[in-house]
Trainee: 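Shown below is the structure under consideration.
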There are 2 protein chains.
Amino acid sequence: MPKVGMEPVRRKALVDATLRAVGDRGSLTVTMSEIARHAGVSPALAHHYFGSKEQLVIETIRSLLRQLRADAVAALKAATTPRDRLSAVIRVNFQAHQYAPETVAAWLAFYSEAQRSEEVRRLLVVYARRLNSNLLSSLKQLCPAGAASDIADGAAAMIDGLYLRQGLKSAPVSIESSIALTEGYVQAQLAAVAGSRTPDAAKQPPA
Amino acid sequence: MPKVGMEPVRRKALVDATLRAVGDRGSLTVTMSEIARHAGVSPALAHHYFGSKEQLVIETIRSLLRQLRADAVAALKAATTPRDRLSAVIRVNFQAHQYAPETVAAWLAFYSEAQRSEEVRRLLVVYARRLNSNLLSSLKQLCPAGAASDIADGAAAMIDGLYLRQGLKSAPVSIESSIALTEGYVQAQLAAVAGSRTPDAAKQPPA
DNA sequence: TTTTATTGATTGATCACTCAATTAAAAATA
DNA sequence: TATTTTTAATTGAGTGATCAATCAATAAAA
């Protein structure tokens, strides 16, 4: 059975299996055996390629982050105006595969793990900073820097909060509603800032 | 050593110890031994009074919820106008002991646990509903019901999101900033609603 | 004498992780 | 080409540690 060049295939399968398993159980208490079963290999092989469960989890988070970044880059490329880019950043976070219950559950578990693992915390901080930074770079072209910073903080918090509530599966806020709420926030904040200076500067969000 | 009437004392000590221990470790992987040590009793006694770790955790969440409700009731009693009550609801969630790093870490862990334990999920849903309901009852007196519902959803999400980010300890948003961001949100939303109907209805948030 | 509080010692289960052994492909050698 | 050697992939069968949960025993208050 040993076919050469299996390493990248197995690594990917195991990372995907980890995301699925953690998403299903909704917690990092999944066992290596369970993950390995999802990936169709023995637990020993998972250890062979990743050394430890913690490393496997970290690679899984890295993979999620890569995916999210790729999506963001693609979405930003399609947008032209700052206002469009702002909406694109918001939309990306609520894209179907990011907002799927298992993905949300996995994120939740990772946040909890961040309290114990410094490396996991670092990765989540990277995510948080990137979200802020993406929002901020567009906002700074739409309003003064001070206001832009506040609006970015608020929007980022709202996005994360909508994720959290999605994880509870009780207050079913749809993808569209989540986007609408976040858009409504930035829109009203921009209008408020513009209103206090040049009262006609408020623009409509792109349909 | 056996003094009669210890049960309520021990129960409280163990619940408090659980919150502290979970907050410290930032996860429910704390052992019963650790919790018991925090409470100054043997692990066996914790099992004696609570039967299982899960029950102890559930009682701990209930206790957090009771505390939060009591704070909310007290804050609402002091407020007179709907606008004041709205601000009071917001402020309560960021009160010092609710927003302390260990408390935030504990909430995080509970959210993660909600994916596995139906009972924990139910309790967190109670919290989420109560927050929405508290916001909504004030908002409905300040704007039309439809808008009020959206604003309540948005504010609740923002509050939860600010908690989440507090848990990462990297984007240190102070209590005051968190309150200001949430107030800024409801204020701008109310202004937007009012502006589209009676342009002078927007009010300042209470200082 | 009964009841309540309390614990040390133990048990049984669960896991992450290790390791020696196996298989077959690839590379080197004859 | 045929044969041997090396290397990569893979796993079954452990090992040791950790923990929740149990229970019988003890101590003192009622």
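The sequence lines fix the lettering, A, B, ..., with proteins before strands; numbering per chain opens at 1.
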Trainee: Hey, are the side chains of A:Asp160 and A:Asn93 touching, using non-hydrogen atoms and a 4.5 Å cut-off?
Mentor: no

Trainee: Do side-chain atoms of A:Arg10 reach the backbone of A:Leu45 as a donor and acceptor pair under 3.5 angstrom?
Mentor: no

Trainee: If you compare every side-chain N and O of B:Arg10 against the phosphate oxygens of C:dT6 (OP1, OP2), does one of them come in below 4.0 Å?
Mentor: yes

Trainee: Whole Å only: how far is the CG atom of B:Leu28 from the P atom of D:dA20?
Mentor: 11 Å

Trainee: Which is true for B:Val9 with a 4.0 Å heavy-atom rule: it touches a base, it touches only sugar-phosphate, or it touches nothing?
Mentor: nothing

Trainee: Rounded to whole angstroms, how far apart are NZ on B:Lys53 and C1' on C:dA13?
Mentor: 15 Å

Trainee: Considering only side-chain heavy atoms of B:His47, which listed nucleotide, C:dT7, D:dA20, D:dG12, is closest?
Mentor: D:dA20

Trainee: How close or far is atom P of D:dA20 from atom CG of B:Leu45, stated in whole angstroms?
Mentor: 16 Å

Trainee: Describe the nucleic acid contact of A:Phe50 in one word from base, sugar-phosphate, nothing, applying a heavy-atom distance below 4.0 Å.
Mentor: nothing

Trainee: Tell me: NE2 of A:His48 to P of C:dC17, nearest whole Å?
Mentor: 15 Å

Trainee: Which of the following nucleotides, D:dA8, C:dT7, C:dT4, is nearest to the side chain of A:Val4?
Mentor: D:dA8

Trainee: Tell me which of B:Gly5 and B:Pro43 sits closer to the 5' end of DNA chain C, going by the nucleotide each one is nearest to.
Mentor: B:Gly5

Trainee: Taking the ring of A:Tyr163 and the ring of A:Tyr99, is the distance between their centroids below 6.0 Å?
Mentor: yes

Trainee: Nearest to the side chain of B:Ala44 - D:dA9, C:dG8, C:dC19?
Mentor: C:dG8

Trainee: Roughly, in whole Å, what's the span from CD1 in A:Ile35 to P in C:dC17?
Mentor: 11 Å

Trainee: Where the side chain of B:Thr31 is concerned, which of D:dC19, C:dT6, D:dT11 is the nearest nucleotide?
Mentor: D:dC19

Trainee: Does this structure show an ion pair linking A:Glu113 with A:Arg116, if we count only N-O contacts that are shorter than 4.0 Å?
Mentor: yes

Trainee: Please report, rounded to the nearest Å, how far the P atom of D:dA20 is from the CD atom of B:Gln55.
Mentor: 15 Å

Trainee: Any donor and acceptor pair, going by atom type alone, linking the side chain of B:Gln115 with main-chain N or O of A:Gly167 inside 3.5 Å?
Mentor: yes

Trainee: D:dG12, C:dC15, D:dA21: which one has an atom nearest the side-chain heavy atoms of B:Ser52?
Mentor: D:dA21

Trainee: From CZ of A:Arg11 over to P of D:dT10, roughly how many Å is that when rounded to an integer?
Mentor: 13 Å

Trainee: Distance check needed: D:dT11 C1' versus A:Met6 CE, whole Å only.
Mentor: 16 Å

